[in-house]
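First the structure, in the form of structure tokens, and then the observations on it.
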Amino acid sequence: MMQVLRKIYTDKTFLVTLALALIAILFGHVAPGDIDLKTIFSLLALIIVVSVYEQLHILAYIANTIVAKCRSTRDIIGVMLLFSFVGAMLFTNDVAILTLVPIFFNISRQVHISKIVPISLLTIYANLGSAITPFGNPQNLYLVSYYHLSLPTFMALSLPMGLIGLASLFLVTCLFPARPITNMQTTTIQIHAKKVRWLLLVTVIVLLGILSVLPVWTAVVASLLAASLLDKRVLAQVDYGIILTFINFFLIVGAISRVPAVHHLLSATTSTTLNTFFTSVLSSQVISNVPAAVLLSKFTHHVAGLYLGVTVGGLGTLIASLANLLALRQYHLFAHDGSSMQFFKTFTWLNSVYLVVFLLIGSLLLIF
């Protein structure tokens, strides 16, 4: 319990949103209905089951197995970017970053690959990959719940941008030199095959709950049982701060959306699909794409513009996506050469380039 509380009260994002939520409660107008319980329960089930995957080191095992077969520096970078993209689709962008950044640091020490550009790209493709599935990131979970989107409907929104993102990944990989490597050692990781099989079954139940095929409470119960039976340490390591932060977001957004001036402004700037898209991108640069999705959903029915806007909006500034902040923290944690500021500059520059490119692509997708 103390470990859980310590993690919560040292979570700066939670503390900031808590302060804002308290201001909203004291001086604004909030209602219990502002909190989307379907999203909260879906997110809780998802982060618990993903935490089990982390505890069993499944993602790291797969990544190391694939990387060990690489024969050139280009192969390594391409595999890591692809694994970030696909891993974020299945395990969320945060988990992809938490897992792959340490692995890449370990690789870079052995084969002397520059870290800054590949890790920046790894984060960008984690954000792009996570946008493809309803459970790839928190804003997708929310949009699916709020707009009651079926899986085919959501995939019709996400696949065009996802395929373009994947194509850009292969193009970017070709820009790296293909220096041959030999005798690269990867960390040996043991996994428990029987536990993995049970976890896959639980994952199916959780996903069916998230997609409303089953009641969402079945997803929560299944994830809690998996954590209790497969590895009890997981329940103490789950990042409950994310759940509490989301509750804070809902309260803050509820109060802000009832301010007359804000209501008038956002109603006017989300009246069409394209307006919603550009407003979502701009809002994400300032307040991050998760709260932008929650806020703007109160004012628009143009779900395509909102989805593409918060997806593209995750690129750009450091705060455009919470995953971006996580990447900077991970880099600072593992880099001991004073290069964090250079990483921040390169990261911001690359994200800005991708923002401009995908802003154009998103506009064209909505027009045509």
Side-chain angles (χ1 to χ4, degrees), residues 78 81-94 96 121-175 207 210-212 269-285 288-290 292-294 296-297 300-316 320-321 323-324 350-368:
L81 294 183
L82 183 60
F83 205 75
S84 179
F85 188 89
V86 176
M89 287 171 52
L90 303 176
F91 299 98
T92 76
N93 49 358
D94 289 353
L121 291 172
L122 187 149
T123 306
I124 288 170
Y125 283 107
N127 281 327
L128 290 174
S130 71
I132 296 179
T133 57
F135 42 84
N137 54 48
Q139 65 267 24
N140 284 2
L141 274 178
Y142 171 74
L143 293 175
V144 167
S145 172
Y146 185 82
Y147 289 104
H148 307 289
L149 302 177
S150 66
L151 181 59
T153 301
F154 180 85
M155 296 305 290
L157 291 174
S158 68
L159 273 181
M161 183 66 81
L163 292 174
I164 292 169
L166 184 59
S168 73
L169 186 155
F170 290 118
L171 289 174
V172 167
T173 300
C174 294
L175 300 178
L207 296 183
I210 289 173
L211 296 172
S212 300
T269 56
T270 57
S271 57
T272 68
T273 298
L274 270 180
N275 283 350
T276 301
F277 172 69
F278 288 117
T279 301
S280 304
V281 173
L282 181 60
S283 300
S284 297
Q285 302 307 300
S288 185
N289 55 1
V290 174
V294 177
L296 297 178
S297 65
T300 184
H301 63 275
H302 298 290
V303 63
L306 180 55
Y307 163 76
L308 285 176
V310 295
T311 295
V312 174
L315 306 168
S321 167
N324 294 350
L350 278 173
N351 262 274
S352 299
V353 171
Y354 271 80
L355 174 62
V356 172
V357 171
F358 279 88
L359 186 65
L360 176 60
I361 292 170
S363 302
L364 293 174
L365 286 174
L366 290 173
I367 293 172
F368 297 106

Report yes or no: does [X] contribute a side-chain atom to a donor-acceptor pair with the main-chain N or O of [Y] at less than 3.5 Å?
X      : Y      : value
Thr173 : Leu169 : yes
Thr153 : Leu149 : no
Gln285 : Gly313 : yes
Thr133 : Met89  : yes
Ser283 : Ala292 : no
Ser280 : Val310 : no

Taking atom [atom1] of [X] and atom [atom2] of [Y], what is their separation to the nearest 0.5 Å?
X      : Y      : atom1 : atom2 : answer
Phe85  : Leu128 : CZ    : CG    : 6.5 Å
Leu143 : Ser158 : CG    : OG    : 11.5 Å
Ser352 : Leu359 : OG    : CG    : 12.0 Å
Leu296 : Asn289 : CG    : CG    : 11.0 Å
Leu151 : Ile210 : CG    : CD1   : 11.5 Å
Leu81  : Phe170 : CG    : CZ    : 10.0 Å

Shortest non-hydrogen contact from [X] to [Y]?
X      : Y      : answer
Gly316 : Leu355 : CA-CD2, 3.9 Å
Ala131 : Thr311 : CB-CG2, 3.5 Å
Ser321 : Ser288 : CA-OG, 3.9 Å
Pro160 : Leu365 : CB-CD2, 4.1 Å
Leu166 : Leu82  : CD1-CD1, 3.8 Å
Ala88  : Gly129 : CB-C, 4.3 Å

How about [X] and [Y]: does a side-chain donor come under 3.5 Å of a side-chain acceptor?
X      : Y      : result
Asn93  : Asn127 : yes
Ser297 : Tyr147 : no
His302 : Thr276 : no
Tyr125 : Tyr354 : yes
Asn137 : Ser130 : yes

Next on the checklist: Please enumerate all residues that pass ring-ring contact (aromatic ring centres under 6.0 Å, His included) together with Tyr307, with sequence neighbours excluded.
Outcome noted: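 Expected list: Phe154.
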Checklist entry - By ring-ring contact (aromatic ring centres under 6.0 Å, His included), which residues pair with Phe277, not counting sequence neighbours? => result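 For Phe277, no residue satisfies ring-ring contact (aromatic ring centres under 6.0 Å, His included) once neighbours in sequence are set aside.
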Just wondering, do [Y] and [X] contact through their side chains at under 4.5 Å, heavy atoms?
X      : Y      : value
Val312 : Val281 : yes
Leu141 : Pro134 : no
Tyr142 : Val294 : yes
Asn275 : Thr269 : no
Met161 : Ile132 : no

Next on the checklist: Quick one, Asn140 with Phe135, criterion side chain to side chain contact (heavy atoms under 4.5 Å, CB included). Give me CA distance, side-chain angles, the key distance, then yes/no.
Outcome noted: CA-CA 6 Å; Asn140 284 2; Phe135 42 84; over 6 Å; no
Checklist entry - Residues in side chain to side chain donor-acceptor pair (under 3.5 Å) with Ser84, at least two apart? => result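 Once residues adjacent in sequence are excluded, Ser84 has no partner under the side chain to side chain donor-acceptor pair (under 3.5 Å) criterion.
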